[in-house]
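See structure below.
Note that the coordinates shown come from a computational prediction; the quantities given were computed from them, not determined experimentally.
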Amino acid sequence: MALLLPACGSVGGRGGGADAAAGVCYGPSGWQVCLDAKASGQVPLQGTLDTDQSDAGNPCLNSQPASWTATQPDACIVVGDTIAVTSLRATGTRPLVLVAQTQITVMGRLDVASHRSPASVGAGTGSLLDCTSFGRSPDSGPPGAGGAGGSFLFPGGAGGTGDGTNRPGGQPAGGTAAAPARLRGGCAGQPGGGGAAADGGAGGGSVYLVSAGTIAISGIIDASGGGGGGEDGLHGGGGGGSGGMIVLFASAITTTEPTLLIADGGGGGGGSALSGAMMKGQDGHEPMVAIPIQPALGGTGGLLVGATGGDGGRGYPALSNTSPGLSGVAGDTGAGGGGGGGGGGYIRSSQALGTAVVSPAADLVTR
């Protein structure tokens with residue numbers, strides 16, 4: 001399938017200025033990036049990139065092609081004949097979009113995930129418009145209940161009850177009913193009862209790779225959610241962030257072992273122990289970027305004999321019959337509940353991904 005389409009008119013973009021008749025578009029309907037001329041030059045990407053900047057170190061287009069903004073959000077669009085990604089960390093409010101004429105290669109790790117420690121939010125996480133409201137807020141107590149995990153294509157886990165069964169935990173939003181039609185990241189977890197807003201783990205970021213030729217991956221693309229914050233002072237643990245979004249379109253996509261594409265949820269934070277002891281729960285973790293895939297671990301609840309805080313739930317793809325599963329664990333009487341784990345994000349590809357390990361499973365969309 002050739003993704004370099006007929007002329008799309010004169011639009012802004014790097015290397016612009018060509019006659020409108022020479023304009024070319026990359027990607028399928030609804031996901032097109034149209035440029036005045038074919039993408040050119042060799043673009044190496046490594047180190048860090050801020051999608052909210054446009055300068056020598058952050059080579060995002062200075063203006064947004066109208067073809068893109070007609071259906072898609074403002075993004076950092078990087079174009080070249082070839083784009084070579086070597087261990088790149090991308091942050092910023094805008095998603096990352098890579099557009100190539102001949103080839104995009106990914107070696108090492110392309111990281112748009114969110115992390116709790118050190119605190120860092122991946123490029124293009126879900127906005128308030130993208131994310132629906134939680135089903136219920138956690139009881140603030142004291143002791144507080146756990147916050148729910150963030151949801152995207154797959155829902156997050158519920159927060160654990162606080163003070164035994166006396167304080168209801170947060171309830172997550174439902175998963176997305178249909179595959180998203182626009183580039184967006186994952187949703188943040190819910191703060192635990194009595195805790196701070198920052199205790200909810202950030203959702204994973206979003207990245208779109210489109211090439212008129214090939215995409216070759218011999219490394220990792222990570223768009224996972226961040227872990228929820230562990231709490232003290234009788235508060236409930238924060239929910240983990242959901243996974244984000246990875247989209248691939250090319251005439252051919254090759255993957256070399258060990259290739260890993262991951263958009264899983266972060267683990268929930270642990271709840272706090274007995275009043276006065278200030279026994280803090282541990283922070284939830286991000287998914288281990290390793291094969292085989294293992295769910296992100298939740299943080300351990302604050303420990304005190306007779307009043308232990310609830311453990312945080314594991315992130316997607318945790319199973320409901322595991323212990324702990326996606327939902328946070330109840331705190332003992334006199335202790336806070338654990339936060340729920342983050343739900344799974346969305347991965348979409350125009351081609352089968354061969355031997356790559358992919359979580360969640362990729363949606364194969366060939367048009």
So, taking the atom named [atom1] in [X] and the one named [atom2] in [Y], what distance separates them when rounded to the nearest 0.5 Å?
X: C60; Y: L49; atom1: SG; atom2: CG; result: 5.0 Å
X: L98; Y: L88; atom1: CG; atom2: CG; result: 8.0 Å
X: S140; Y: H235; atom1: OG; atom2: NE2; result: 9.5 Å
X: T71; Y: R182; atom1: OG1; atom2: CZ; result: 9.0 Å
X: H285; Y: R116; atom1: NE2; atom2: CZ; result: 11.5 Å
X: R94; Y: Q53; atom1: CZ; atom2: CD; result: 8.5 Å

Would you say [X]'s side chain and [Y]'s backbone share a donor-acceptor pair under 3.5 angstrom?
X: S349; Y: A362; answer: no
X: S151; Y: G156; answer: yes
X: S327; Y: A158; answer: yes
X: D139; Y: P168; answer: no
X: Q72; Y: G30; answer: yes
X: S114; Y: G203; answer: yes
X: R184; Y: D130; answer: yes
X: D163; Y: T333; answer: no
X: S206; Y: P95; answer: no
X: K280; Y: G230; answer: yes

message = Salt bridge or not between D311 and R314? Use side-chain N to carboxylate O under 4.0 Å.
response =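 Judged by the 4.0 Å cut-off on N to carboxylate O distance, D311 and R314 do not form a salt bridge.
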Does the side chain of [X] reach to within under 4.5 Å of the side chain of [Y], using non-hydrogen atoms?
X: P360; Y: I347; value: yes
X: L110; Y: L96; value: yes
X: E286; Y: S224; value: no
X: C187; Y: S242; value: yes
X: I217; Y: L261; value: yes
X: S350; Y: I253; value: yes
X: Y26; Y: V97; value: no
X: D50; Y: C76; value: no

Checklist line | M107 CE: over 12 foreign heavy atoms closer than 6.0 Å | finding: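 More than 12 within 6.0 Å, yes.
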Quick check: closest heavy atoms across [X] and [Y], and the distance to 0.1 Å?
X: L153; Y: P180; result: CD1-CD, 4.4 Å
X: Q351; Y: L364; result: C-CD1, 3.3 Å
X: L304; Y: A273; result: CB-CB, 4.0 Å
X: G147; Y: P138; result: CA-CG, 4.2 Å
X: L353; Y: L248; result: CD2-CD1, 3.9 Å
X: V112; Y: A223; result: CG2-CB, 3.7 Å

Establish whether [X] and [Y] are linked, either directly or via other cluster members, by ILVMFWY side-chain heavy-atom contacts under 4.5 Å.
X: I77; Y: L183; answer: yes
X: L297; Y: M288; answer: no
X: V99; Y: M245; answer: yes

*With salt bridge (Lys or Arg N to Asp or Glu O under 4.0 Å) as the test, would you mind laying out the steps for R348 and D363 before giving the verdict?*
CA-CA 5 Å; R348 170 174 170 165; D363 186 10; 5.8 Å; no
inquiry  = Listing request: all ring pair (Phe, Tyr, Trp, His ring centres under 6.0 Å) pairs with a residue in residues 83-134, at least two apart in sequence or in separate chains.
reply    =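 Every candidate ring pair (Phe, Tyr, Trp, His ring centres under 6.0 Å) pair involving residues 83-134 fails, so no pair, neighbours aside, qualifies.
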All pairs passing ring pair (Phe, Tyr, Trp, His ring centres under 6.0 Å) where residues 145-177 contributes a residue, at least two apart:
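For residues 145-177: F154-Y316.
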Using 30° and 60° as the class boundaries, would you call the ring planes of Y208 and W68 parallel, tilted or perpendicular?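 It falls in the parallel class, under 30°.
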Test side chain to side chain donor-acceptor pair (under 3.5 Å) on Q46 and S87 and set out the steps.
CA-CA 5 Å; Q46 61 182 8; S87 297; over 6 Å; no
Requested in this report: Please go through V357's hydrophobic cluster and name the other residues, only I, L, V, M, F, W, Y counting, with side-chain heavy atoms under 4.5 Å joining them.
Outcome: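 Answer for V357: I220, L260, I262, V289, I291, I293.
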Where do T255 and T355 land on the side-chain contact (heavy atoms from CB on, under 4.5 Å) test, with the steps shown first? CA-CA 7 Å; T255 59; T355 61; 4.2 Å; yes
